[in-house]
Amino acid sequence: MSETKHQLLTLLSRMLKSPPQKALSLFTSSAHQNLYHTHESVSIIIGHFLSLNMLSQAESFIVRLLSGKITSPSFTIISLLPYLTNTSNCYDAGRVYETIISAHVKAQLPVEGALLLVNEMIDRGFVPSAILFNSVLKCLVKECDFEKAWWIFERNKGRVGLDAYTFGILIKGCCENDNLKRGFEVLSEMDRMGFSPNVVVYTTLMDGCCKKGEFEKAKRLFFEMEEIGLVANQYTYTVLINGFFKKGLRKDGFELFERMKREGALPDLHTYNCVLNAYCNDGEMRKAFQLFDEMRQRGVTCNVVTYNILIEGLCKQRNVGEAKKLVSEMKSCGLSPSIITYNLLMDGYCRVGMMDKAFYLYNELKSSGLSPTVITYNVLITGCSRSENSYQVLDFVREMEERGISPSKVTYTILMDFFARCNDMEKALQVLSYMKRTDLVADVYTYSVLIRGWCDEGNMMEALKLFEIMGEMELEPNDVIYNTLIHGYCREGSSYKALKLLREMAGKGMMPNVASYNMTIQVLKGDGKQEDAQNLLAGMLKSGLKPSNTLSL
DNA sequence: GTAGGGTTAG
C-alpha cells in the first residue's frame, strides 16, 4: 500500500470517529499535506454536518469545495452527489440537493449545473423550496438568459415552491428584456395562482413602465396598488419621481416629491439624489444646494453619488472652482472620490480649456489606486482634440490600449470628429472602417459627425451618401443631422434641396433651428423664389422663432 | 437573506 493511501485511510477512520468540528479540522489540515481526497473523505464531512442538521456548515464547506479552496478543482460536486444520496446513506436526499444547489449558487458557478440538479431533484420526486428555486431563477435572469428562466418557471411551476419573490424576479426579468406586456401577464398570473402582489412587485413593474416611457401605465399601477390597500414606500415614489424626471416631466416629478413628503413616506438618499440630479440638469444650482441642506438637516447621509451629481452640475456651468471645493469637502467627510468623480472633474477642466489641471487629475487618480475607464480616456481625448493639445490625442489612444481598455463607440466617434475637424475625412473614414471591424455598430452620433465633416468640406454628394446609408440601416436621423445638411445645401446655393429637408424634418415633428430657416430663406430669395421664401418665413413665425435682423424681404 | 430606486464621455 502506498504511503499516501495509508495516510488517507488513517485520516478517514479518525474522521469517522470524531465530532464534526474536529473532523473538519482534521480534513482541513490534511489538505495541506497534498493528500488526494476521495468522494468518501469529502462525503464523511458533509454527512457529519447533514446528520447533525448543521446545514449552514455543510453549505459553507461545499462552497469552499466548489471554489477549489479545499481540494483539487477537478473535484466536482455533481460527482459527489451519488455518494451522498444513495440509498445506503442515512441523509435526507432532498436536503442534500438543497444544500448542494444553494452552495452552487453562492459559489457563483455556471447556473447550468444548478439547473441540472434542480431538474434531477424534481425528477426524483423532491420539491425544491421557493427560496432555492428563486435563487436559481435569479441567476438565470442575471445572466440575461430570461427566456430560459421563463421556460424553467413555466415547466416547473406546479412542482416547486413559489412565493411573491418568484414573481418579482420574473417581472424584473420581463422589464429588463423589454417585454413589459409579459410583465403585466406575470402580475395577473400571480393573482390567478393565488399569490397576492406586494409593493415590491408593483414597484418593479412601475420601474419597467417608466423606463419604457409608459407613464400612464405606471400611474395606473400606482392607483391600482393603492386600491388594493398597499402603501407606496420610498422605492415606489423614487421609481416614479426618477421616471418622470428622466423623461423631462419636471412638474410631475417635483409634485410627486412633495406628495411623498406629505404622505409621510420619508425621502431617502436615493430619492434626494434623483431630485438633486433634476435640479442640476436644469442648471438650478441654488435650489440644488438648498435641497442638499434639507437632506442633511433631515439626517439623510449623503454619499459619493450625491457629490458626483452636484459636481457635474457645477462643471456643466463651467464652475469648476466650486466643483473642486466640493471634492475637498467630500474628502473631509470621509468620502473618497470615485472614478466618476475624477471623470466629471476632468471633463469640467477640459471644457474650460484647463488641460494642465485635467492632466494633473489624471495622474492623481492613477496614483490613488483607481483605474481609469474608457470614459476617462474619452474625456481626455475630447479635451485634447478641442484644445491646443491635439497632438496628444493619439498618445492617449495608445495609452488606453496599453492598459487593455478597448475603445468604445464613443471613443471612435470622438476620433472621427477630431479628424473631420482637421479636414481629414480620409482618416475619419479609416476610423469608421476600423470600428466596423470590431463588433461596434455606428449610430446616429457617429453618422452626424461624418456628415458634418463632409458638409464642412462642401462635399454634399458624400454627405448625402451617408445620409442614405443611415436610412438603409434604419437609423432615424436627428435634428442635428438635418440642420447640418440644410446648412450645407444653403452654402452651395441649393435652395430647393434645403427646403425639401426643412419640410421633411418638420414632417417628422422636429424643429429646424433659426439658422436653418434664416439661411434657407436667404438662399431662396437669392434664387428669386420670393413666394417660397415668404411662405417659409410665415411658417417660421408661426412656430415661434424670430428671424434674424439681417433678414430683409 | 430570495424580489425593487440614484451619478460620468461623443
Side-chain angles (χ1 to χ4, degrees), chain A residues 56 102 105-106 129-139 141-142 161-173 175-176 186 190 197-208 210-211 232-243 245-246 267-278 280-281 302-313 315-316 337-348 350-351 372-383 385-386 407-418 420 442-449 480:
Chain A
S56 62
S102 157
V105 170
K106 281 192 187 141
S129 69
I131 291 181
L132 185 75
F133 187 64
N134 291 343
S135 69
V136 176
L137 268 191
K138 193 189 160 199
C139 277
V141 171
K142 257 197 183 154
L162 300 173
D163 59 13
Y165 286 72
T166 321
F167 296 93
I169 295 167
L170 287 172
I171 290 177
K172 173 89 172 156
C175 294
E176 279 172 355
V186 175
M190 184 174 184
N198 58 20
V199 183
V200 178
V201 165
Y202 270 102
T203 306
T204 311
L205 195 51
M206 272 186 244
D207 189 37
C210 288
K211 294 206 164 108
N233 62 17
Q234 284 108 322
Y235 283 86
T236 322
Y237 280 109
T238 308
V239 158
L240 280 177
I241 290 171
N242 191 45
F245 284 140
K246 282 274 153 68
D268 63 9
L269 177 63
H270 284 255
T271 325
Y272 277 109
N273 284 347
C274 285
V275 184
L276 276 177
N277 196 36
C280 289
N281 285 337
C302 44
N303 65 359
V304 181
V305 179
T306 318
Y307 278 101
N308 287 347
I309 290 166
L310 292 168
I311 288 165
E312 191 201 352
C315 286
K316 290 275 145 72
S338 67
I339 184 63
I340 296 182
T341 319
Y342 275 103
N343 290 346
L344 288 169
L345 203 57
M346 284 191 300
D347 189 45
C350 287
R351 281 173 200 272
T373 63
V374 65
I375 297 182
T376 313
Y377 289 103
N378 290 344
V379 164
L380 288 170
I381 295 170
T382 307
S385 76
R386 294 184 180 175
S408 68
K409 190 189 320 195
V410 177
T411 321
Y412 285 115
T413 310
I414 294 165
L415 291 173
M416 286 179 227
D417 184 52
F418 169 60
D443 64 12
V444 180
Y445 288 100
T446 321
Y447 281 105
S448 77
V449 160
V480 175

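Excluded from the calculations below are hydrogen atoms, water molecules and symmetry mates; all remaining heavy atoms, backbone and side chain alike, are included.
For the pair A/D207 CG and B/dA3 C1', the computed distance is 12 Å after rounding to whole Å. Rounding to whole angstrom units, CG of residue A/N308 and P of B/dT8 are separated by 9 Å. Rounded to whole Å, the distance from CD1 on A/I171 to P on B/dG5 is 13 Å. Rounded to whole Å, the distance from CG on A/L415 to P on B/dA9 is 18 Å. For A/Y202 and B/dG5, the OH to P distance is 18 Å, given to the nearest whole Å. Between A/M416 atom CE and B/dA9 atom C1' there is a gap of 15 Å when expressed in whole angstrom units. Separating the NZ atom of A/K142 from the P atom of B/dG4 is a distance of 8 Å, rounded to the nearest angstrom. One can place CG of A/L132 at 14 Å from P of B/dG1, the figure rounded to the nearest angstrom.
A/L276 contributes atom CG, which lies 10.5 Å from atom OG1 of A/T271 (distance to the nearest 0.5 angstrom). To the nearest 0.5 angstrom, A/F167 atom CZ is 5.5 Å from A/L162 atom CG.
Side-chain proximity of A/S135 to the nucleotides B/dT2, B/dT8, B/dG4 is greatest for B/dT2. Closest approach to the A/V199 side chain among B/dG6, B/dG4, B/dG10 is made by B/dG4 (side chain taken as heavy atoms from C-beta onward). Considering only side-chain atoms of A/Y165, the nucleotide from B/dT2, B/dG10, B/dA9 that sits closest is B/dT2. Nearest to the side-chain atoms of A/V305 among the listed nucleotides B/dA9, B/dG6, B/dA3 stands B/dG6. Comparing atom distances between the A/T203 side chain and each of B/dT2, B/dT7, B/dG4 picks out B/dG4 as nearest. Among the nucleotides B/dG6, B/dG5, B/dT8, the one closest to any side-chain atom of A/T271 is B/dG5. In this structure, the nucleotide among B/dT7, B/dG5, B/dG4 sitting nearest to the side chain of A/T204 is B/dG4. In the set B/dG5, B/dA3, B/dA9, the nucleotide with an atom closest to the side chain of A/V201 is B/dA3. Of the listed nucleotides (B/dG6, B/dG10, B/dT8), B/dT8 has the atom at the smallest distance from the side chain of A/L344. Between B/dA9, B/dA3, B/dT2, one nucleotide has an atom nearer to the side chain of A/N134 than all others, and that is B/dT2.
Taking both residues in full, the closest heavy atoms of A/V141 and A/G173 are given as CG1-CA, 3.7 Å, listed atom of the first, atom of the second, then distance.
Within 4.0 Å of A/I131, counting heavy atoms only, lies at least one base atom of the nucleic acid. Nucleic acid contact for A/V200: base, since at least one base atom lies under 4.0 Å from a heavy atom of the residue. Within the 4.0 angstrom heavy-atom criterion, no nucleotide atom of any strand lies near A/D417. Using a 4.0 Å heavy-atom criterion, one finds that A/T373 contacts no nucleic acid atom at all. Note on A/I340: a base of the nucleic acid sits closer than 4.0 angstrom, heavy atoms only.
For B/dG10, one of the phosphate oxygens OP1 or OP2 lies less than 4.0 angstrom from a side-chain nitrogen or oxygen of A/R351. Side-chain N/O atoms of A/K172 include none lying less than 4.0 angstrom from OP1 or OP2 on B/dT2. In terms of phosphate contacts, A/N242 brings no side-chain nitrogen or oxygen within less than 4.0 Å of OP1 or OP2 of B/dG5. Residue A/K138 places no side-chain N or O under 4.0 Å from the OP1 or OP2 atom of B/dG1.
Checked by distance alone, A/T238 brings a side-chain donor or acceptor within 3.5 Å of a matching partner on the base of B/dG5. Side-chain N/O atoms of A/N273 and base N/O atoms of B/dG5 include no donor-acceptor pair closer than 3.5 Å. Scanning atom types as modelled, one donor and one acceptor separated by under 3.5 angstrom connect the side chain of A/Y235 and the base of B/dG5.
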Please walk me through it: do A/S385 and A/T382 pass side-chain hydrogen bond (donor to acceptor under 3.5 Å, both in side chains)?
CA-CA 5 Å; A/S385 76; A/T382 307; 5.5 Å; no

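Taking the 5.5 Å centre cut-off and the 30° plane limit, the aromatic side chain of A/H270 is not classed as stacked on B/dG6.
Within 6.0 Å of NZ on A/K409 lie more than 12 heavy atoms contributed by other residues, nucleotides or ligands.
A donor-acceptor contact closer than 3.5 angstrom links the side chains of A/T373 and A/T376. There is a side-chain donor-acceptor pair under 3.5 Å between A/D443 and A/T446.
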